[in-house]
Amino acid sequence: MSTDTARSPFTDESGQIERKRQIGRLFVAICFASTLVGIVALIALIADVIYESWGWVTWEFLTYPPSQSIENYLPGGRGAGIYPALIGSIFLIALTAVFTIFLGVGAAVYLEEYAPESRLKSFIEANIANLAGVPSIVYGLLGLAIFVRAMQLGSSLIAGALTLTLLILPIVIVSTQEALRAVPDSQRQAAYGVGATQWQVTRDVVLPRALPGIMTGTILSLSRAIGETAPILMIGAATSMFIAPDGLTSPFSAMPMMIFEWATLPQAGFQHVAAAGIVVLLTILLLMNAIAIFIRNKYDPRS
Amino acid sequence: MSVDSAVDITNQGSDIDNRKNGFVRYVFFSCALVTILTTLGIILVLVQGSAEFFAEVSIVEYLTGTNWSPVIRPHSYGVLPLIWGTLLITVGSAIIAIPVGTLTAIYLSEYASPRVRRTIKPTLEILAGVPTIVYGFFALSFITPLLQGVFPQTGTFNAAAGAIVVGIMIIPMVSSLSEDAMSAVPDDLRNAAYGLGATKFEVSTTVVVPASLSGVIASYILALSRAIGETMAVTLAAGMHPQITFDPLEPIQTMTAYMVQIGISDVSVDSIGYKSLFAVGMTLFVMTLSMNLFSMWIKSRYREEYQ
């Protein structure tokens, strides 16, 4: 018995198995280290922003217009901050939300509930997939040529909102389609069975059931729109505005534009102001994401 | 009674309801049509703007010239420095994101417990949700000083910092999409390899990765296409200096950064600078579109089908 084990195929005479084990362990270590790279980068990014902005996010920063001189941002200064851009961003996103919900839900309902399986439907869907891959700055050119110039809306809030709407529309449509698809077919059939029209089924059965999913997808897309700089920069959003926008056609600034402006100012100290602006932007992003996750968890039928 | 009510139900208000139903259908169809109009709009705007540009500048000079100075005299309209800058960023970010993203995907798909995967995957996806302007700031305030510590000759604006932050930004695209592809490989294949005595390392590298290769490659191309179109991070980090250089520590200018430069300056609609926006935008659009289509093609053409 004991002599046999020496010739057993399970013994590791040449050390080959042990070597393979070592390679395996080394490989796991490398894979795990790679996973850490992304996480460490995320931590470094957040730590860097918090470190640079420490002490600069004050009440004055939220409630005053920007200033060219750094002293005004400091405690005891006249007070300067992000107020017009903050309001501009909120207006911009609210307006974008109105357009996006209408167009995005409409298009998704058409594709999921109304359109027959046809070449037209698959063409529209392939086109939406392609639109999602178009760089955001190209949407800026579209907005510049169509909304700002051709429709003569100028570099206004509404031109910005329309541009951002087209930018996030593909994502909203796809996420809304998923939400609609999750509504069980039996519920539609039950409604048809009592004589409802397609519109009545959609309005009274499908949309209410899909609403949490639609909301989650839309809020997440809007949180992408609020951080976009390139498209609104191309349509001519102001880098620094001293008053908040007061109407659809008024010129505006938005937080990412303001941060871009501060980050490029050569005067010392402005990197702290830019970091403070980023903290405000990321806080709003975080809030929007938290709301989206809350809605998903609260209304998720699986939980 | 029962016969009456049956007749009533089928006729009740059906005229109005049906007309309403038909009207609503058109409203929804128009919403879907907006996406087609968007594509047509993009193509129309780019073609028309480029046509105006190429009415004044020869397309040969544009595509072969090695000096880009459309606004400052002496004028010169060779787009190659911008394309070079864009490629430098793209290749640099690929060097970071492809190995890191692929190994992360292997770890998440093959080694991590479901609980760890459920935590790490969304955490990494936060990286993709951070606004690009924040990456630009991160490059200026953290990466570049770090590079300057190692290589003192590093400029305030340099291609390397831009490539690094864009690389970080696209890690989750590679890792998430590749992980999806790897998780879709059926366990039968893994178990067959284990049955032949393969180790976990051998199963991961010689079974799972080849079987999911189409999805993995598609994720690379998609991520690189994102890197090409990336704007604010490279504008802030890599600078506004169009030149063909092999030194990543020097400033460069990407196509997108040039568009930002014109976007924030006050150029009139008739100027060549304004028209050049559309020519450069067209170049960018053609590059990203062909990569996206290529990615979709690879994914469908080389997909391994499992039941």
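Quick note on labels: first sequence line is chain A, next is B, and so on, each numbered from 1. Side chains are part of it too, since the values below use all heavy atoms of this structure and drop only hydrogens, waters and symmetry mates.
A heavy-atom distance below 4.5 Å is found between the side chains of L120(A) and F29(B). Taking 4.5 Å as the limit, every side-chain heavy atom of Y107(B) sits out of range of all side-chain heavy atoms of I30(A). Side-chain atoms of L142(A) and T38(B), non-hydrogen and from C-beta on, do get closer than 4.5 Å to each other. Side-chain contact between M255(A) and I133(B) is absent, with no heavy atoms from C-beta onward closer than 4.5 Å. Inter-residue side-chain proximity for L166(A) and V34(B) is flagged as met; some heavy-atom pair is nearer than 4.5 Å. Here the side chains of F201(B) and K20(A) are not in contact, with every heavy-atom distance at 4.5 Å or above.
When heavy atoms are compared at a cutoff of 4.5 Å, E52(A) approaches chain B solely by way of its side chain, counted from C-beta outward. Interface residue S204(B): only side-chain heavy atoms are found under 4.5 Å from chain A. Heavy atoms closer than 4.5 Å to chain B are found in both the backbone and the side chain of A44(A). Neither the backbone nor the side chain of R25(A) comes within less than 4.5 Å of any heavy atom in chain B. At a 4.5 Å heavy-atom cutoff, E230(B) makes no contact with chain A through either its backbone or its side chain. When heavy atoms are compared at a cutoff of 4.5 Å, A238(A) does not approach chain B at all. Only the side chain of T231(B) has a heavy atom closer than 4.5 Å to any heavy atom of chain A. If you measure heavy-atom distances from I173(A) to chain B, the contacts under 4.5 Å come from the side chain alone. Contacts of A108(A) with chain B are absent, with no heavy-atom separation under 4.5 Å from either backbone or side chain. At a 4.5 Å heavy-atom cutoff, I43(A) makes no contact with chain B through either its backbone or its side chain. For a residue to count as touching a neighbouring chain, one of its non-hydrogen atoms must lie under 4.5 Å from one of that chain's; by this rule Q200(A) touches chain B with the side chain only.
Interface remark: of the candidates N130(A), L169(A), I128(A), I39(A), N130(A) forms the most heavy-atom pairs closer than 4.5 Å to chain B. Between chain B and the residues V28(A), L26(A), I146(A), the most heavy-atom pairs under 4.5 angstrom are made by V28(A). For the set T205(B), V24(B), V134(B), L140(B), the count of heavy-atom pairs under 4.5 angstrom toward chain A peaks at V24(B). When F28(B), F278(B), F285(B) are compared by the number of non-hydrogen pairs under 4.5 Å with chain A, F28(B) comes out ahead. Residue with the most contacts toward chain B among L233(A), V138(A), V37(A): L233(A) (heavy-atom pairs, distance under 4.5 Å).
Distance OG1/T264(A) to CD1/I264(B): 6.5 Å, rounded to 0.5 Å. Within the model, atoms CG of L131(A) and CD1 of I42(B) stand 5.5 Å from one another, a figure rounded to the nearest 0.5 Å. To the nearest 0.5 Å, the span separating CD1 on I278(A) from CZ on F137(B) amounts to 5.0 Å. To the nearest 0.5 angstrom, I124(A) atom CD1 is 5.0 Å from I36(B) atom CD1. Of the inter-residue distances, the one linking L103(B) atom CG with F27(A) atom CZ reads 6.0 Å to the nearest 0.5 angstrom. With rounding to the nearest 0.5 Å, the separation of CD1 in I262(B) from CG in L144(A) is 11.5 Å.
The stretch residues 222-231 of chain A participates, sequence neighbours left out, in these salt bridge (Lys or Arg N to Asp or Glu O under 4.0 Å) pairs: R224(A)-E228(A).
Between the side chain of N127(A) and the main chain of T35(B), a donor-acceptor pair closer than 3.5 Å is present. In this structure a side-chain-to-backbone donor-acceptor pair under 3.5 Å is present from N292(B) to G133(A). Side chain of D17(B) to backbone of T197(A): no donor-acceptor contact under 3.5 angstrom is found.
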Does the pair F102(A) and V27(B) meet the rule for a side-chain contact (heavy atoms from CB on, under 4.5 Å), with working shown? CA-CA 10 Å; F102(A) 179 72; V27(B) 173; 4.2 Å; yes
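Using non-hydrogen atoms only and a strict 4.5 Å limit, the part of residues 279-286 of chain A facing chain B consists of L281(A), L282(A), L285(A).
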